[in-house]
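This report refers to the structure that appears directly beneath it.
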Amino acid sequence: FNNNSKIISPELSHALKDKSLIEIESYDILLLKSLSKGLTLDEISLDFKKTDIVPNGSSSIEKRINKLKIFFKANNNVHLIAIAKDLGVV
């Protein structure tokens, strides 16, 4: 049937309902791409410092990754990347 209704999976509906969560920025996409390449936290930090991307400290990057894991309800970094790839973010 064609009633122009949209169906959203329960796994993604939380992201649309909860507006108190962060928005995905270009920084987050760069971070996710670096993780998807298999770079470690220290390697990402060095890469960001070389290209003048801020924040580029290991602690700041780790905090941002944790916020992304909460946002996407990911259990770990691998799960986070899988979800981001499924959504077409990276």
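The line from CG of Asn56 to CG of Leu31 is 12.0 Å long, rounded to the nearest 0.5 Å. In this structure, CD1 in Ile24 is found 5.0 Å from CG in Leu68, a value given to the nearest 0.5 Å. Atom CD1 of Ile70 sits about 11.0 Å away from atom CG of Leu80, to the nearest 0.5 Å. In this structure, CG on Leu41 lies 10.0 Å from CG on Leu46, to the nearest 0.5 angstrom.
Sorted by first then second residue, the side chain to side chain donor-acceptor pair (under 3.5 Å) pairs that include residues 31-40, not counting sequence neighbours, are Thr40-Glu43. Listed by first and then second residue, the ring pair (Phe, Tyr, Trp, His ring centres under 6.0 Å) pairs involving residues 28-56 are Tyr27-Phe48 (not counting sequence neighbours). Residue pairs satisfying the side chain to side chain donor-acceptor pair (under 3.5 Å) criterion with at least one member in residues 78-90, sequence neighbours excluded, are absent.
Closest heavy-atom contact between Ile65 and Asn77: CG2-OD1, 3.4 Å. Shortest non-hydrogen contact noted between Leu32 and Val90 is CB-CG1, 3.5 Å.
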Apply side-chain contact (heavy atoms from CB on, under 4.5 Å) to the pair Phe71 and Ile83, showing each step before the final yes or no. CA-CA 11 Å; Phe71 179 77; Ile83 293 169; over 6 Å; no
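Tracing side-chain contacts under 4.5 Å through hydrophobic residues (I, L, V, M, F, W, Y), one reaches Ile29 starting from Ile44; they form part of the same cluster.
Asp42 meets the side chain to side chain donor-acceptor pair (under 3.5 Å) test with Ser58; sequence neighbours excluded. With sequence neighbours left out, the side-chain contact (heavy atoms from CB on, under 4.5 Å) criterion links Lys63 to Ser59.
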